[in-house]
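To keep things clear, I will list the structure first and then write my remarks on it.
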Amino acid sequence: MASPLDDKTRSIIKACVPALEAHGLAITTEMYRRLLANPDIRDLFNISHQKDGEQPRALALAVLAYARNIDNLGAMAGAVERIAEKHVGLNILPEHYPYVADALLGAIAHVLGDAATPEIMEAWGKAYWFLAEILIGREEQIYVAHAAAPGGWVGWRPFRVSRRVAESETVTSFELTPEDGRPVMCHVPGQYLSFRLDVPGYGSERRNYSISSAPGSQSYRISVRRIDNGVVSDWLHDSVHEGTVLQVSAPAGDFTLDNPVDAPIVFLSAGSGLTPFISMLGALDAGAARGVRYIHTTRTPATEAFGPYIRDLAARGMLRADLFYSRATPQAAQDATGVTTHAGRMTPTWLAREIDRTATYYICGPDGFMRDAIATLKAGGVPESQIRFEFFGSAADATLVG
């Protein structure tokens, strides 16, 4: 267990908040420059998040939140759990942490210059290792649980693509079956798989994709949207076929279905944000007593993934659906039993009219979509404990950190 930080260290860290507000992004950008100079460490990261600056922005926000909450680290519990789950998916190990420490402390000294006094550097060294020890301990617990679970594993396991299905003009599903023929760990609806991929022309790449299948013991399914100029999504769509073998880490993630029995649920998604909800709906398919609302925004009917599945559930009374087409006007024939279609994006005004304060809201999609939905729900009186969200990348939006 990590030793508590002393009063002097916490006082110095709090005093650094203005400097982090002014220079946090410069520090994290420099940190990643140093860290990624090591090829072995570079391969642990999603490099696309470096090119667009998302990862440095997200880390700058996280470091700032850590400093602001240094006297109340319980407020960081959710963020710590998300980081630990992400690290386990990527197979981060204790031996990786010293590299990060060297890069972060070196970046602080480089950016702050003479302002980075020995006392400040000592305080940040203690603060880093305090948090690192918490993460290492939690990650070890998750690794042990994965190893002990029926069908579980630690590290990278080869899976063969046993089936691929076009779900829409932009989304393709890949069913993954283990090469060793043994069972797989039963995932919790909402979790994701992490992949170590060798993309020709780009080398090693890491990606996380939500599991879109209901929990089972034989295989997993992921559903991937083709992104414009997406290195990995293009490769998956164009080059990964039935028989291709991919390296996969065990299911991870804390954005999971955890709701009182029979309590209402509202799923809010945009784009490929629907994928964890398809897994959750598969787990809920036994009955509709709880009251399920499915609200999804996509570009056009042609980009709507899992449309037949949603309409079947609605026809059987399993859910009530609202489908928004941001770039098309739906035809009357596209409405069906339990399904209402809308032209344009879902707006905060529309959502505010539909709020059910007794429901738990699960939200997944682009950061802006989630930010607007969260703000609308809070303004409408939905308790924060009933609002849960998942982000695809590194949470480079201050509203989504914590």
Side-chain angles (χ1 to χ4, degrees), residues 1-2 40-41 43-46 76-97 99-100 131-162 174-198 204-224 232 245-258 275-276 278-280 282-283 364 388 390-395:
M1 179 178 291
D40 293 333
I41 300 299
D43 285 347
L44 297 172
F45 290 88
N46 181 338
M76 297 289 293
V80 168
E81 182 64 19
R82 285 194 295 273
I83 293 169
E85 291 280 352
K86 183 68 69 69
H87 282 182
V88 168
L90 295 172
N91 289 294
I92 301 296
L93 300 172
E95 54 262 37
H96 295 132
Y97 279 86
Y99 293 101
V100 180
L131 182 57
E133 287 174 15
I134 291 174
L135 287 168
I136 290 169
R138 176 62 186 134
E139 289 156 17
E140 176 62 20
Q141 292 176 339
I142 299 172
Y143 283 127
V144 169
H146 284 183
W153 73 98
V154 174
W156 301 106
R157 183 179 179 185
F159 278 70
R160 184 174 297 276
V161 176
S162 54
F174 301 85
E175 185 171 328
L176 305 167
T177 304
E179 275 273 83
D180 58 21
R182 298 171 63 83
V184 299
M185 187 172 109
C186 192
H187 71 280
V188 182
Q191 288 190 310
Y192 54 80
L193 298 175
S194 298
F195 293 79
R196 185 182 69 187
L197 306 169
D198 187 11
S204 182
E205 294 281 349
R206 299 290 189 276
R207 291 296 186 274
N208 307 311
Y209 292 108
S210 295
I211 302 169
S212 62
S213 52
S217 62
Q218 301 304 314
S219 65
Y220 301 112
R221 181 183 66 192
I222 60 170
S223 302
V224 182
V232 172
V245 175
L246 304 175
Q247 299 297 320
V248 184
S249 192
D254 66 337
F255 179 66
T256 54
L257 187 62
D258 178 21
T275 49
I278 298 301
S279 178
M280 293 180 185
C364 190
R388 304 172 187 178
E390 172 76 305
F391 39 78
F392 294 120
S394 304

When rounded to the nearest 0.5 angstrom, what is the spacing between CZ in Arg388 and CG in Leu257? 8.5 Å

Val184 vs Phe159, test: side-chain contact (heavy atoms from CB on, under 4.5 Å). Steps then yes/no. CA-CA 10 Å; Val184 299; Phe159 278 70; 3.7 Å; yes

Who passes side chain to side chain contact (heavy atoms under 4.5 Å, CB included) against Val232, sequence neighbours left out? Leu197, Val199, Glu205, Arg207, Tyr209, Leu236

Reference residue Arg221; test side chain to side chain donor-acceptor pair (under 3.5 Å); the match among Ser279, Ser212, Ser162, Ser210: Ser212

Distance-only donor-acceptor pairs under 3.5 Å for side chains of residues 89-96, two or more places apart:
residue, atom, partner, partner atom, Å
Asn91, OD1, Gly155, N, 3.3
His96, ND1, Leu93, N, 2.9

Short question: side chain of Gln191, backbone of Val188 - any donor-acceptor pair under 3.5 Å? yes

To the nearest 0.5 Å, atom NZ of Lys86 lies from atom CZ of Arg206 at 13.5 Å

Any Glu133 side-chain heavy atom under 4.5 Å of Tyr97 side chain: no

What I'd like to find out is whether the side chain of Ile211 reaches to under 4.5 Å of the side chain of Tyr192, using heavy atoms alone. no

Just wondering, do Leu193 and Leu176 contact through their side chains at under 4.5 Å, heavy atoms? yes

Within the structure provided, determine whether Arg157 and Met185 are in side-chain contact (heavy-atom separation under 4.5 Å). no

Would you indicate whether the side-chain heavy atoms of Ile222 and Thr275 approach each other to under 4.5 Å? no

Any side-chain heavy-atom pair from Ser217 and Cys186 closer than 4.5 angstrom? no

So, do Phe255 and Pro276 sit near enough that their side-chain heavy atoms are less than 4.5 Å apart? yes

Non-hydrogen atoms of Ser219 and Thr177 that approach each other most closely: CB-OG1, 3.9 Å

Between the main-chain N or O of Asp254 and the side-chain N or O of Glu85, is there a donor-acceptor pair closer than 3.5 Å? no

Side-chain contact, heavy-atom cut-off 4.5 Å: Tyr220 with Phe174? no

With rounding to the nearest 0.5 Å, note down the distance linking CD in Gln247 to OG in Ser194. 13.0 Å

Donor-acceptor under 3.5 Å (His146 side chain, Ser249 main chain): no

Within the 3.5 Å criterion, strictly below it, is a donor on Tyr143 or His87 matched to an acceptor on the partner's side chain? no

Specify the closest pair of heavy atoms between Gly190 and Met280, including all atoms of both residues, with the distance to one decimal. CA-CE, 3.7 Å

In Å and rounded to the nearest 0.5 Å, what is the CZ to CD distance from Arg182 to Gln218? 11.5 Å

